[in-house]
Amino acid sequence: MEDDKIVGYVTAFLKKKGFTQTEKIFQEEFQHNKSNTSNSLLEPDIANHLLAFSQLETGPARFHDGYSRLRTWTYSSLDLYKHELLRVLYPVFIHCFMDLVAKGHVQEARNFFNTFREDHEMMHLRDLQKLEGVLSPNHLEEMEFAHSLRKSKFNIKICEYSYELLLQHLHSTQSTTILGIINEHINFQVTPGQPSLISDDPEAVTLTGSSQEAANLINQKEIHWGLLEDSLEERLEKAGALLLDSEKGEGEAKEGENDETKKRSIEGGKQGGASVKKVKKDKGGSATGKSAKPEASTVPAAPRVKPELPLPVIPTEVEQSVLEDLRNRVQLSSVALPSVSFYTFINTHNGLSCSSISHDGSLIAGGFSDSSLKVWDMAKLGQQASSLSQGENDTSQNEQIFGQGGGKRQYTLFQGHSGPVYAASFSPVGDFILSSSADSTIRLWSTKLNANLVCYKGHNYPVWDVQFSPVGHYFASSSHDRTARIWSMDRIQPLRIMAGHLSDVDCVQWHANCNYIATGSSDKTVRLWDVQSGECVRVFVGHRVMILSLAMSPDGRYMASGDEDGTIMMWDLSSGRCLTPLIGHTSCVWSLAFR
C-alpha cells in the first residue's frame, strides 16, 4: 500500500473529527520523514489495519450498531441517571438517520428509522412525521425542517456524573461515530450535584440555531419593559391623583367646619344636642366612606419609558372619547363584578379560521377558509330586516345586502383575499381591521367605508398572524417564511424584517410599550425583538413543541406562551427565564389573554 494513500486515510479521519492541529503536525512529520528516508513509512500490518478501519468508518452499519449499543446501555442504566441519559438518544437518532441519507444509504436509513422510531413517538411525533418524508440527500437541503436540524445544535442539561458515565461508555466501546455526532450536534450543559427530574426543568432539551453561549449573550442585553410615558392612562392617573388631592383638601375643610358646628351646638343646649348627634352620624358615615375606598396597591408601579418609534397623533375627539371611557371604568370588587358576553359562531362548517373583537366590544370579525372576512356590528345584531333608506349607489361594493332568504344580512362581507384568512386584528379605535391570508398578503380594511384600502405584499409564503400595535398605525406580521415584519399603515413595504427563527413564525404579539414584539415559532422558541433596531434581545427556550399563542401582561413585565401540547409558560422578560410552566390543557392552546 502506498504511503500517500495511507496518509490520506489518516488525514481524512483527523479532519472529520476536527483535530486540525493534530492534522497539521502529522503532515509536517510525514514530510520530514519522507525527505529523510526512502523506506515505507508504515508496516504492512498497520497499513492493513488502517485500511480496514477506514472501510468500517464509511460503512452504513456503524450507525445502526453504535446507536443500538448506546440505546441498550442507556435503558440498562441506574434509574437515578437514566432519565438524563435518555435525553441524548433523540438527537443521536435523528442525526444518525440524516447522516445515512446524506451519504446515499437511503434503504439503510429507512430501516434504521423504522427500527427505532417507536422510542421517540410519544415526545416527538410531529418531528418524526416530517423526517419520514426525507427520501434522498436532496431532501435534506430542500426540506426546511431537516436543513435547520443539521445547521443547529441541541442543548442538553445533564449532571456531572451522568456526563462522565456517558463519555466512559462511548470511549470503552470505541463508538467513534456516535462521539462524532455528539461532538458536532449537541451542547452539554453540565451541572454539579444530583440529576434533576425532567419535569422540574422545562429547559432540559432545547434546540437553538446558535450555541448556548450565544443565546445567553443575547439574554444579557438590556431591555426596558415599562409602560409608555405620557400615555392616556398615565394622564388619567395624574388627573385622578389631582382630583383625590382636591377631595382631600375639601374633606379637611369640611371637618374643620364640623368641629366649629359641634362647639356651637354644645353651647346651644338641647337643640344643640340633637345637632351633635347629627354631626356624629355624619362623621361616622364619612369614616365608613373612607374605609370603603380601595387601599393602595402594594405592587410597585411599572416604570415609564420613551417610545422608540414615532407615535401617531391621536385626534382630539378620539382622545376625549378614550379618556371618557377610562373615567367610566368601574373599580372591580366582590360587589362590583365585571359583565361578560359570550359569542358563538354557528353553522360555520369548519370554515372559521380566526376571530377578533374590537376593543370596545362593538364589532366582531371572523376570517374564513373561503378567503372571506365577515364583520358583525353588535348594535345591529338581531335586528329584523327593514326597508332600505338609501339607494343602491350608497352601499359599498363589498357589503352584501341580501342573504339567501331575501332578508338583510347581519354582517358586512369583505372579499379580496385569494386564500384562507388566518388572522384578523382591529385597530385600537375600531375604524380599521387587518387580515392575513394564505395568499401571502395582508389587507387593510375600513369598517367605516366597508372597503379594502391597502394590500401589503412582502412575505413569500402564507402569513399566519397579524397584530395591530397598542397605539395603532403600526402592525406586525408573522409568516411561514420564518420571518416577522413590522409595517406602518402609510407604507406598502415593511419597516423592519426580523429573521432568526429556524422554522415558521406562527404568532406575534406587541409589548405594551410598542418598543418590542414577541414571536413564537415552530422551532419551539420564543424571541423578543427590538422594533427600532430589528435585533433579537431575548430567546426563550423550554417548549417541546411549536408555539401557537402569546400574551403580554398589562404592565409589560411578563409574557405567557402556549404550545401545541397544551403547556403554558410564564416568562420574566428582564431575565429571560421561565417563572413556571402551567400544566392542565391536554391539547393546543390557541389563544391567551391577561386580565
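Just so we're clear, the structure is a prediction, and the values are computed from it rather than from any experiment. Just so you know, residue 1 is the first one in the sequence shown, and it goes up from there.
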S.K.: Do Ser479 and Trp464 have a side chain donor and acceptor closer than 3.5 Å?
M.R.: no

S.K.: Can you name the residues that form a side-chain hydrogen bond (donor to acceptor under 3.5 Å, both in side chains) with Asp563, not counting sequence neighbours?
M.R.: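 With sequence neighbours excluded, Asp563 shows a side-chain hydrogen bond (donor to acceptor under 3.5 Å, both in side chains) to His543, given in chain and number order.
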
S.K.: For Pro91 and Ile186, which heavy atoms make the closest approach, and how far apart are they?
M.R.: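 So the two residues come closest at CB-CD1, 3.8 Å.
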
S.K.: Looking only at atom types and distance, does a side-chain atom of Asn114 sit under 3.5 Å from a main-chain N or O of Arg110, one as donor and one as acceptor?
M.R.: yes

S.K.: Measuring only between side-chain heavy atoms, which start at C-beta, is Ile178 closer than 4.5 Å to Val92?
M.R.: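 Side-chain contact under 4.5 Å: yes.
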
S.K.: Measure the shortest side-chain to side-chain distance between Phe63 and Phe97 over non-hydrogen atoms and say whether it is less than 4.5 angstrom.
M.R.: no

S.K.: Residues two or more places apart in sequence or in another chain: which of them pass side-chain hydrogen bond (donor to acceptor under 3.5 Å, both in side chains) with Glu121?
M.R.: Arg117

S.K.: Tell me which one of Phe432, Tyr456, Trp510 satisfies ring-ring contact (aromatic ring centres under 6.0 Å, His included) with Phe475.
M.R.: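 Among Phe432, Tyr456, Trp510, the one that satisfies the ring-ring contact (aromatic ring centres under 6.0 Å, His included) with Phe475 is Tyr456.
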
S.K.: Within the supplied structure, the quantity of interest is the number of heavy atoms (other residues, nucleotides, ligands) at a distance under 6.0 Å from Phe188 CZ; does it exceed 12?
M.R.: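 Check passes, neighbour count above 12.
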
S.K.: Step by step, work out the ring-ring contact (aromatic ring centres under 6.0 Å, His included) result for Phe116 and Tyr67.
M.R.: CA-CA 9 Å; Phe116 300 110; Tyr67 179 81; 4.8 Å; yes

S.K.: Compare all side-chain heavy atoms of Met143 with those of His147 and state whether any distance is below 4.5 angstrom.
M.R.: no

S.K.: Do Ser437 side-chain atoms and Gly419 backbone N/O form a donor-acceptor pair below 3.5 Å?
M.R.: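 Yes; at least one donor-acceptor contact below 3.5 Å.
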
S.K.: If only atom types and distance count, is the side chain of Asp465 paired as donor or acceptor with the main-chain N or O of Val508 below 3.5 Å?
M.R.: yes

S.K.: Please report the shortest heavy-atom distance between Tyr422 and Ala438, naming the atom on each side.
M.R.: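 Heavy atoms only, the tightest pair is CE1-CB, 3.4 Å.
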
S.K.: With no hydrogens and no angle check, is any side-chain donor or acceptor of Arg87 less than 3.5 Å from a backbone partner on Lys157?
M.R.: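 Here the side-chain-to-backbone pair exists.
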
S.K.: Indicate yes or no: at least one non-hydrogen side-chain atom of Thr519 is less than 4.5 angstrom from one of Met498.
M.R.: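 No, their side chains stay 4.5 Å or more apart.
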
S.K.: Does a side-chain heavy-atom distance below 4.5 Å link Phe594 with Pro554?
M.R.: yes

S.K.: Where do Ala146 and Met98 come nearest, in terms of heavy atoms and distance?
M.R.: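 Minimum heavy-atom contact is O-SD, 4.0 Å.
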
S.K.: Heavy atoms, side chains only, cut-off 4.5 Å: are His120 and Leu89 in contact?
M.R.: yes

S.K.: Just wondering, do Leu131 and Phe113 contact through their side chains at under 4.5 Å, heavy atoms?
M.R.: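 Yes - at least one pair of side-chain heavy atoms lies under 4.5 Å apart.
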
S.K.: Backbone N or O of Phe368 within a donor-acceptor pair of the Ser372 side chain at under 3.5 Å?
M.R.: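 Side chain of Ser372 to backbone of Phe368, a donor-acceptor pair under 3.5 Å: no, none is there.
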
S.K.: Between the side chains of Ser477 and Trp487, is a donor N or O closer than 3.5 angstrom to an acceptor N or O?
M.R.: yes

S.K.: Can you sort out the partners of Tyr75 under ring pair (Phe, Tyr, Trp, His ring centres under 6.0 Å), two or more places apart, ordered by chain and number?
M.R.: none

S.K.: Consider only side-chain N and O atoms of Thr567 and Asp565, and report whether a donor and an acceptor are under 3.5 Å apart.
M.R.: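 There is no such pair (donor and acceptor under 3.5 Å, judged by atom type) between the side chains of Thr567 and Asp565.
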
S.K.: Mind checking side-chain contact (heavy atoms from CB on, under 4.5 Å) for Ala102 and listing every partner two or more places apart, or none if nothing turns up?
M.R.: Leu140, Arg150

S.K.: Ignoring hydrogens and geometry, is there a side-chain-to-backbone donor-acceptor pair from Ser436 to Val463 under 3.5 Å?
M.R.: yes

S.K.: Can you name the nearest heavy-atom pair linking Gly430 to Leu363, along with the distance?
M.R.: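 Looking at all heavy atoms of both residues, the closest pair is O-CD1, 3.8 Å.
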
S.K.: Should the pair Phe154 and His95 be assigned to parallel (<30°), tilted (30 to 60°) or perpendicular (>60°) ring geometry?
M.R.: perpendicular

S.K.: Starting from the C-alpha separation in whole Å, work towards a yes-or-no answer on ring-ring contact (aromatic ring centres under 6.0 Å, His included) for Tyr90 and His124.
M.R.: CA-CA 9 Å; Tyr90 174 68; His124 307 282; 3.7 Å; yes

S.K.: Return yes if a side-chain donor-acceptor contact under 3.5 Å exists between Tyr461 and Asp504, otherwise no.
M.R.: no

S.K.: Tell me, please, which residues at least two apart from Ser503 pass side-chain hydrogen bond (donor to acceptor under 3.5 Å, both in side chains).
M.R.: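 Result, side-chain hydrogen bond (donor to acceptor under 3.5 Å, both in side chains) vs Ser503: none returned.
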
S.K.: Using a 4.5 Å cut-off on heavy atoms from C-beta on, say whether the side chain of Leu434 contacts that of Phe468.
M.R.: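 Of all side-chain heavy-atom pairs linking Leu434 with Phe468, at least one is under 4.5 Å.
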
S.K.: Taking only residues two or more places apart in sequence, or in another chain, which ones meet Arg71 in a side-chain hydrogen bond (donor to acceptor under 3.5 Å, both in side chains)?
M.R.: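 Only Asp119 meet the side-chain hydrogen bond (donor to acceptor under 3.5 Å, both in side chains) criterion with Arg71.
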
S.K.: Check whether Ser425 reaches the backbone of Gln467 with its side chain - one donor and one acceptor, N or O, closer than 3.5 Å.
M.R.: no

S.K.: Under 3.5 Å, side chain of Thr173 to main-chain N/O of His169, donor-acceptor pair present?
M.R.: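 Checking the backbone N and O of His169 against the side chain of Thr173, a donor-acceptor pair under 3.5 Å is found.
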
S.K.: Does the pair Asp481/Arg485 count as a salt bridge with the N-to-O cut at 4.0 Å?
M.R.: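 A salt bridge links Asp481 with Arg485.
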
S.K.: Could you pull out the closest heavy-atom pair between Leu573 and Arg538, with the gap in Å?
M.R.: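 Reported closest heavy-atom pair: O-NE, 2.9 Å.
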
S.K.: Any ion pair linking Glu535 and Lys221 (charged N to carboxylate O, less than 4.0 Å)?
M.R.: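 Yes, this pair counts.
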
S.K.: Would you say the side-chain atoms of Ser521 pair up with the backbone N or O of Lys524, donor to acceptor, closer than 3.5 Å?
M.R.: no

S.K.: Okay, side chain of Ser77, backbone of Tyr81: is any donor-acceptor separation there less than 3.5 Å?
M.R.: no

S.K.: Which value, rounded to the nearest 0.5 Å, describes the distance between Met570 atom CE and Ser553 atom OG?
M.R.: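 It comes to 7.0 Å.
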
